[in-house]
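In this chain, residues are counted from 1 in sequence order. Values in this document were obtained by computation on a predicted structure and should not be read as measured data.
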Amino acid sequence: MKKITHLFLLAAGVLGTASCSDFLDQTSPSELTQETISQSSYYTGLTVNKVYGDLANDYTYSQYIPIVWGLNSDCELVDGLGDDAQNTTSERGNMNYNANPGWANLSRLWDKMYGAIENANLAIDMVNSSALIADGTSSEAKAMLRYKGEALTLRAMLYFDMVRFFGDIPLKVESSKSDLSNAYLPKTDRDEIMDTLMVNLEEAIELLPWAGEVSTYTTEHVTKGYAHALLAQIALTRAGWAIREKAKEGYVTASYSDPTYPTQRCDDATRRALYQKALEHLSAVISNPTHNLNPSVENEWYLLNQRTLDQTYRENIFEIPMGLGVSSELGYTVGVRINGASAQYGVKGNSSGKMKVTAPFFWSFDKNDLRRDITCCNLQLSESAGILKEAMLGNTPFAIYVGKWDIRKMNEEWRQAAIATGNAKWMTGINVVRMRYPQVLLMYAEVLNELAGPDGTLAGAAGMTARQALAEVHTRAFDAAHKAEAAAYINAITGQEALFNAIVDENAWELAGEGVRKFDLIRWNLLAEKIQQFKDDYVAQMQDAENGYPDKIYFNYSDDAKTVIDLSSVTWYGLPDGKTSSDYQDSKAFFGAERTDSSQKNLLVNLPSISSGLVGDNVEVKNRYLLPIASTTISASNGTLYNSYGYSN
């Protein structure tokens, strides 16, 4: 019998983890038969919990998917530039689109994701074979059917992510058979996979409650709202552009396309039908009162850093539950950095800043947009002589920290855990958000704009136009004194194309750092174009001494000890009228310093290396954003799997 280690993993023992809720606390039912388990909603629930446990693995959603696998985009990039960007044995080369099937983390992701899919298949099979669901009305039957809805939705999320990472992959929607007859499966076309997932989600929607409708179903569970939103997201991806292993008859080919591996999308009629499907499900979320925007964008991120569920607005439609000290590297591997040991936050320090955002992205924000300083952190903390102090980064145009995860906003329980961990790696327990209500509004604006224009409406829509949906997201990001200006920006947009472009911009301002941007740019066929635009924008702003990046910024402190920078005082855009450098307590070189830097390393070395496998002089395959299947996975597949897009096996 051949050993299966890299394709479909049989169900393993339970992954024990602590969570913001207790629902991941579980007892292994491995000593029981599947028949026994299927007759108990309790044991079936434990099987579903195993899937949630799988999501808390470092190689899935605890670290790699939310922090690494969504890179690079036009505003986000993996740390390590220059020669590091060519290093195919780490994420630095692979996320700069210089991927290699020998990178070990490719097989680790594959194994863990298919292991989670296997557990979801087991749960679905248990429910389908259970006599408890015969009448469908008892409390046991309803619980079993809810579990099926959860497993269907989680499996859809897992497969959807795998399609976005690898393209065509094996589709397996039943648990493994002991004779291995369904183990070595070939690739399934991604369109067929996404069509199947949408059908599965239609069923799941009927089985799941809205968040809060059943007391145990918080936004740490997949619920009806997430199933609706995920279905819409899949429909838009299915309607969008994708690089193909070979041309598909009847599909539209992009103008920028590889001759061997074409970038295509479905025909216009199919595309419109998919947009209408997305509109139906997005409207269902918007029309229901369960999910809303938190009026304060700052408070929403404060709550997430506090590990506190927002039970008032439920803006985060689904948060993968993580456990303090057990899982989640949000705030550790990505976020505001503590550079070195600290008596206040522990000897380990935090945030190597594996994900960074860029100077052109920072510069793109309206000066009054509150999201700018939440998303882009141009400072770090370090401790000297027992004093913890904030320090400006300086001329680091491709190394701005992602500030959404901020140790200064975390609670005392977290701080004590970080201190107690000592010099070892510690886990923040911050939940990983898979869908936010602003994302739903932006998808809705995109869909309705495509179908009816900026101010049109359609039967079945959620009672707002595309422009109004966009306005909700944009104006929320401004304080009361500047909301009228924000609304004026939206009202001044003229025409369908201009509104689409505004949605593309808003997508970055709202969602940067959250593993969303890259995949939306792909389906819009804008990934390579926007990355090149970001590079061109940097050069233009860096070279423009009069109106571009200042060569120095000035700022004041909020305290007499000069430990906390007053961000409202920073002269990001040059000295204000009537001010001189003597009006400020401190200064730092800024992005414009590159103009007179003797080496110009950012311009001549770092910039060309960013996403160099996708844009630049060494692009082997146009639009090759997909990763290869690991060589070890292929060798274990009994001859059923292979690489495409110019990758070796």
Side-chain angles (χ1 to χ4, degrees), residues 74-76 295-301 336 356-379 390 392-398 400-404 406 438 470-493 498 501-513 533-534 537-538 540-558 564-581 583-593:
D74 59 336
C75 59
E76 309 145 320
S296 168
V297 64
E298 195 282 332
N299 178 254
E300 191 61 31
W301 285 101
V336 177
K356 301 293 203 305
V357 291
T358 68
F361 173 59
F362 173 83
W363 204 253
S364 72
F365 280 95
D366 184 286
K367 297 175 185 180
N368 297 309
D369 192 325
L370 299 173
R371 296 171 298 189
R372 186 196 65 185
D373 294 338
I374 290 173
T375 307
C376 307
C377 183
N378 281 292
L379 58 79
E390 296 178 354
M392 281 291 182
L393 296 179
N395 183 22
T396 53
F398 316 126
I400 303 169
Y401 295 108
V402 182
K404 288 180 172 178
D406 190 340
L470 176 60
E472 283 204 16
V473 178
H474 187 74
T475 57
R476 190 271 294 260
F478 293 78
D479 63 21
H482 298 97
K483 282 195 185 296
E485 296 170 20
Y489 158 77
I490 299 294
N491 292 334
I493 298 169
N501 292 334
I503 292 166
V504 172
D505 289 342
E506 201 71 37
N507 176 284
W509 296 328
E510 180 67 35
L511 301 169
Q533 181 185 326
F534 125 67
D537 288 348
Y538 169 73
Q541 294 291 348
M542 185 275 295
Q543 292 178 340
D544 186 350
E546 184 175 355
N547 299 306
Y549 304 135
D551 59 357
K552 185 179 284 190
I553 51 175
Y554 300 88
F555 51 91
N556 292 319
Y557 293 93
S558 300
V564 179
I565 294 169
D566 176 5
L567 287 178
S568 68
S569 73
V570 183
T571 62
W572 302 117
Y573 308 100
L575 286 167
D577 291 342
K579 294 282 189 179
T580 68
S581 59
D583 292 312
Y584 297 90
Q585 295 172 296
D586 209 341
S587 65
K588 188 75 174 182
F590 199 50
F591 309 142

For the ring pair (Phe, Tyr, Trp, His ring centres under 6.0 Å) test, which of Trp572, Tyr573, Trp509, Tyr538 pairs with Trp363?
Tyr573
Check: Ala487 main-chain N/O paired with Asn491 side-chain donor or acceptor under 3.5 Å:
yes
Shortest non-hydrogen pair, Asp369 vs Ala477, comes out as OD1-CB, 3.4 Å
Taking all atoms of both residues into account, what is the closest heavy-atom pair of Lys356 and Phe398, and its distance?
CB-O, 3.6 Å
What distance do Phe591 atom CZ and Thr358 atom OG1 have between them, rounded to the nearest 0.5 Å?
8.5 Å
If you draw a 6.0 Å radius around NZ in Lys483, do more than 12 non-hydrogen atoms from other residues or ligands fall strictly inside?
yes
Evaluate side-chain contact (heavy atoms from CB on, under 4.5 Å) for Asp366 paired with Tyr489, printing each intermediate quantity in order.
CA-CA 10 Å; Asp366 184 286; Tyr489 158 77; over 6 Å; no
Arg371/Glu506 salt bridge by N-O under 4.0 Å criterion:
yes
Rounded distance [0.5 Å steps], SG in Cys377 versus NZ in Lys404
13.5 Å
Full working for side-chain contact (heavy atoms from CB on, under 4.5 Å) between Val570 and Asn378:
CA-CA 11 Å; Val570 183; Asn378 281 292; over 6 Å; no
Ignoring hydrogens, what is the shortest heavy-atom contact between Ile400 and Ala359? Give both atom names and the distance.
CD1-N, 3.8 Å
The single option from Ile374, Leu370, Asp373 passing side chain to side chain contact (heavy atoms under 4.5 Å, CB included) against Glu298:
Ile374
Assess the residue pair Ile565 and Met392 against the criterion (side-chain contact (heavy atoms from CB on, under 4.5 Å)); give the C-alpha distance rounded to whole Å, side-chain angles, the decisive distance to 0.1 Å, and a yes or no.
CA-CA 8 Å; Ile565 294 169; Met392 281 291 182; 3.8 Å; yes
Measure the shortest side-chain to side-chain distance between Arg476 and Pro438 over non-hydrogen atoms and say whether it is less than 4.5 angstrom.
yes
Value for OH (Tyr549) from CE (Met542), rounded to nearest 0.5 Å, stands at 9.5 Å
Take Asn368 and Asp479 through the test side-chain contact (heavy atoms from CB on, under 4.5 Å) and record every step on the way to the result.
CA-CA 8 Å; Asn368 297 309; Asp479 63 21; 6.0 Å; no
How close do Pro550 and Gly574 get, counting heavy atoms only, and between which atoms?
CG-N, 3.6 Å
Just by distance, do the side chain of Asp583 and the backbone of Thr580 share a donor-acceptor pair under 3.5 Å?
yes
Going by the angle between their ring planes, with limits at 30° and 60°, are Phe555 and Tyr557 parallel, tilted or perpendicular?
perpendicular
Are the side chain of Thr571 and the backbone N or O of Tyr554 linked by a donor-acceptor pair below 3.5 Å?
yes
Could you state the interatomic distance from OH (Tyr584) to CG (Leu575), rounded to the nearest 0.5 Å?
6.0 Å
Nearest 0.5 Å, what's the OG1-CG distance between Thr475 and Leu470?
9.0 Å
Restricting to non-hydrogen atoms, name the atom on Asp537 and the atom on Pro360 that form the minimum distance, rounded to 0.1 Å.
CB-CB, 4.2 Å
Compare every heavy atom of Leu393 with every heavy atom of Lys588, then report the nearest pair and how far apart it is.
CE-O, 3.8 Å
